[in-house]
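These notes are about the structure you will find just below.
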Amino acid sequence: MTAGVQTIIYPVKDLERAKALFAALLGVEPYADEPYYVGFKAAGQDVGLDPNGHAKGMTGPVPYWHVSDLRERLAALVSAGAELLQDAQDVGGGRLIAFVRDADGNLVGLLQDPAA
C-alpha cells in the first residue's frame with residue numbers, strides 16, 4: 001500500500017549553493033542540515049538534497065513513494081523488471097529508503113517510516 005509521493009530528493013554537487021537555492025524557493029530553513037543530507041519541509045512535501053546522490057546513480061530528482069512495506073514493494077518492482085540501484089537502507093530512526101530504475105530510465109524511490 002502506498003501513501004503517495006511525499007518526498008523528493010535531489011542529487012547536488014554543491015550542497016551550500018543548493019541549500020541556499022531551496023531555502024529561497026521554499027521560504028523555510030532546513031529541518032535537517034548535515035554534510036550528508038539537507039532536508040526541508042514545505043506545503044506537506046519533504047525536499048531533500050543529497051551530495052552523494054550522483055555517486056549512487058541518481059541522474060536527477062528522485063520521487064519517493066511512501067509505502068507501508070518497503071521490502072514487499074521493492075521486490076514487486078524488481079519482479080516487474082525494475083533495476084535495483086539502492087537496496088533497502090536504514091537512514092536513521094528506522095526510516096528505510098530504496099530506489100530502482102524502470103525500463104525507461106526513470107528513477108523510482110520507496111520510503112517506509114517506522115511504525116508509529
Side-chain angles (χ1 to χ4, degrees):
M1 182 166 171
T2 179
V5 174
Q6 299 173 18
T7 302
I8 187 162
I9 298 180
Y10 290 82
V12 299
K13 292 180 180 168
D14 185 329
L15 191 58
E16 289 304 312
R17 286 183 67 187
K19 182 170 57 172
L21 184 138
F22 278 90
L25 171 66
L26 300 171
V28 297
E29 292 300 312
Y31 71 87
D33 191 351
E34 300 295 336
Y36 56 87
Y37 181 80
V38 172
F40 297 88
K41 289 189 186 294
Q45 186 71 41
D46 196 345
V47 177
L49 309 175
D50 185 348
N52 301 305
H54 294 288
K56 293 187 238 177
M58 295 171 74
T59 56
V62 178
Y64 280 80
W65 292 82
H66 288 231
V67 297
S68 56
D69 188 332
L70 183 137
R71 287 182 173 85
E72 179 184 324
R73 291 293 97 223
L74 186 58
L77 287 170
V78 170
S79 178
E83 174 190 358
L84 180 64
L85 294 178
Q86 179 181 316
D87 204 351
Q89 173 184 356
D90 188 321
V91 292
R95 175 177 266 197
L96 300 176
I97 64 168
F99 70 94
V100 300
R101 181 183 353 253
D102 73 10
D104 293 305
N106 299 303
L107 301 180
V108 177
L110 300 174
L111 187 151
Q112 177 185 326
D113 279 317

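All values derive from a computational prediction rather than experimental measurement.
Leu110 and Val91 are assigned to two separate hydrophobic clusters, defined by single-linkage of ILVMFWY side chains at heavy-atom distances under 4.5 Å. Put simply, Leu77 and Trp65 are part of the same group of oily side chains (I, L, V, M, F, W, Y) that touch within less than 4.5 Å, one to the next. Residues Leu26 and Tyr31 do not share a hydrophobic cluster, defined by chaining ILVMFWY side chains whose heavy atoms lie under 4.5 Å apart. Hydrophobic clustering of Ile, Leu, Val, Met, Phe, Trp and Tyr side chains at less than 4.5 Å, counting indirect connections, unites Tyr36 with Phe99. Ile9 and Leu111 fall within the same hydrophobic cluster, where Ile, Leu, Val, Met, Phe, Trp and Tyr residues are linked whenever their side-chain heavy atoms come under 4.5 Å apart, directly or through other members.
With Gln89 contributing its side chain and Gln86 its backbone, the two residues share no donor-acceptor pair below 3.5 Å. Under a 3.5 Å cut-off, the side chain of Gln45 and the backbone N or O of Gln6 do form a donor-acceptor pair. With Asp104 contributing its side chain and Asn106 its backbone, the two residues share no donor-acceptor pair below 3.5 Å.
Annotation for His66 and Thr2: closest pair O-OG1, 3.1 Å, computed over non-hydrogen atoms. Contact detail for Gly93 and Pro114: the closest heavy-atom pair is O-CG, 3.1 Å. In plain terms, the two heavy atoms of Pro35 and Leu15 that are nearest each other are O-CD2, 3.5 Å.
Evaluation of the salt bridge (charged side-chain N to carboxylate O under 4.0 Å, His left out) test over residues 22-43, restricted to residues two or more places apart or in two chains, returns Lys19-Asp33, Lys41-Asp46. Judged as a salt bridge (charged side-chain N to carboxylate O under 4.0 Å, His left out), the pairs with a partner in residues 76-91 (not counting sequence neighbours) are, in order, Glu83-Arg101. Among pairs with a residue in residues 48-64, those fulfilling salt bridge (charged side-chain N to carboxylate O under 4.0 Å, His left out) read Asp50-Lys56, at least two apart in sequence or across chains. Sorted pairs that involve residues 60-79 and meet salt bridge (charged side-chain N to carboxylate O under 4.0 Å, His left out), not counting sequence neighbours, are lacking altogether.
Residues Leu84 and Leu74 have side chains in contact (heavy-atom distance under 4.5 Å, counting atoms from C-beta outward). Between Leu49 and Phe40 there is a side-chain heavy-atom pair separated by less than 4.5 Å. Using a 4.5 Å cut-off on side-chain heavy atoms (C-beta onward), Val12 and Val38 make no contact.
Not counting sequence neighbours, the partners of Pro11 by the side-chain contact (heavy atoms from CB on, under 4.5 Å) test are His54, Met58. When the side-chain contact (heavy atoms from CB on, under 4.5 Å) test is applied to Pro63, the partners found at least two apart in sequence or on another chain are Val5.
Within the model, atoms OH of Tyr64 and CG of Leu107 stand 8.5 Å from one another, a figure rounded to the nearest 0.5 Å. The OG1 atom of Thr59 lies 9.0 Å from the CG atom of Leu85; values are rounded to the nearest 0.5 Å. The CG atom of Asn52 sits 13.0 Å away from the NZ atom of Lys13 when rounded to the nearest 0.5 Å.
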